[in-house]
Protein chains: 2
Amino acid sequence: MIGVKIRQLREAKQMLIREVAAQLKTDTAMLSKMERGERPFKKEDIIVLANVFKQPKKELLTLWLADRILKNTSNEEYTIESIQLALKIAKENT
Amino acid sequence: MIGVKIRQLREAKQMLIREVAAQLKTDTAMLSKMERGERPFKKEDIIVLANVFKQPKKELLTLWLADRILKNTSNEEYTIESIQLALKIAKENT
DNA sequence: CTTACATTAGTCAAAAATTGACAAGTCAAC
DNA sequence: GTTGACTTGTCAATTTTTGACTAATGTAAG
């Protein structure tokens, strides 16, 4: 999901994987995989990309973290209930 | 959190760590750590414990998974927003 | 068709994280 | 000061993740 978003932003800016990969100090194979969700982005990557694409850091980081949550809950039972409960607890701890 | 719950249930049943650990085919040191959140429970452990303590499997599994979510989101920015977004997406994918 | 360039797939060693097991420690009650 | 319940610390072994590199695929232009 964050990968799809990044790809959209990249294409909107007409940038090549090669160019964006350079900003992240990685190679095209890696970024290709990241965009397709086959490898995770590092948090620092997201911050760099927020600058490159002039997006609010918060928006991209939120999507990035949501992605991580979904990655390690899907394929589990009671996903929705668990996320709801996690949300409730997180709010309480505020 | 799931650890606290398990400990409560164990104490309510007046069982010793040693006894419950045996059910999980592990030792007391391990279960002690699990109850205190220093090591994770395996999913299968939770199911065994639901039987031992006569609790609804769903309730314990939900708490167990919520725990996992919180573990890898806390210490991050935008935790609540991310969990909210994850919930939204999870619901859509239903 | 063949070249040139963008992207994707595959592989793999090194690094990092997790796991399970054991020994030793604290602490309270007796 | 011994016993029993629990906790702490350590460690090798397994598993997972990471980064990098090479090869394959796609595609548009000449």
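Below, chain A is the first sequence line, B the second, and so on; all start at residue 1. Keep in mind that this is a model prediction, so the values were computed, not measured.
Judged by distance alone, the side chain of B:T94 and the main-chain N or O of B:A90 form a donor-acceptor pair under 3.5 Å. Within the 3.5 Å criterion, the main-chain N or O of A:T73 finds no donor-acceptor partner in the side chain of A:E76.
Of the candidate nucleotides C:dT8, D:dT7, C:dT19, C:dT19 has the atom nearest to the side chain of B:P40. Closest contact between the side chain of A:D27 and the listed nucleotides D:dA20, C:dA21, C:dA23 involves D:dA20. In this structure, of C:dT19, C:dC22, C:dA6, it is C:dA6 that holds the atom nearest to the side chain of A:R18. Nearest nucleotide to the side chain of B:R7, out of D:dC6, C:dT7, C:dC22: D:dC6.
Per the geometry, CZ belonging to A:R39 stands 13 Å off P belonging to C:dA9, to the nearest Å. For the pair A:L16 CG and C:dA4 P, the interatomic distance rounds to 18 Å; values are reported in whole Å. Between the CZ atom of B:R36 and the C1' atom of C:dT26 there is a distance of 12 Å, rounded to whole Å. Atom CE of B:M34 is separated from atom P of D:dC6 by 14 Å (rounded to the nearest Å). Residue A:K42 contributes atom NZ, which lies 16 Å from atom P of D:dT17 at whole-angstrom precision. Atom C1' of nucleotide C:dT19 and atom NZ of B:K25 are separated by 18 Å, given to the nearest angstrom. Spacing between atom CD of B:E38 and atom P of C:dT18 amounts to 13 Å, rounded to whole angstrom units. Atom CZ in B:F41 sits roughly 13 Å away from atom P in C:dT19 (whole-Å rounding).
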Pairs: protein N or O with nucleotides 23-30 of chain D N or O, under 3.5 Å:
none

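Residues B:E59 and B:L63 are not in side-chain contact: their nearest non-hydrogen atoms beyond the backbone lie 4.5 Å or more apart. Taking the side chain as every heavy atom from C-beta outward, B:W64 and B:D45 never approach each other to under 4.5 Å.
Atom NZ of B:K57 is separated from atom CD1 of B:I46 by 12.0 Å, given to the nearest 0.5 angstrom.
Axis orientation changes by 20° from one end of the helix from C:dC1-D:dG30 to C:dC30-D:dG1 to the other, with each end axis drawn from 5 pairs and the value rounded to 10°.
Considering only side-chain N and O atoms, A:S32 lies nowhere under 4.0 angstrom from the phosphate OP1 or OP2 of C:dT7.
Donor-acceptor pairing under 3.5 Å, judged by distance alone, is present between the side chain of B:K33 and the base of D:dG9.
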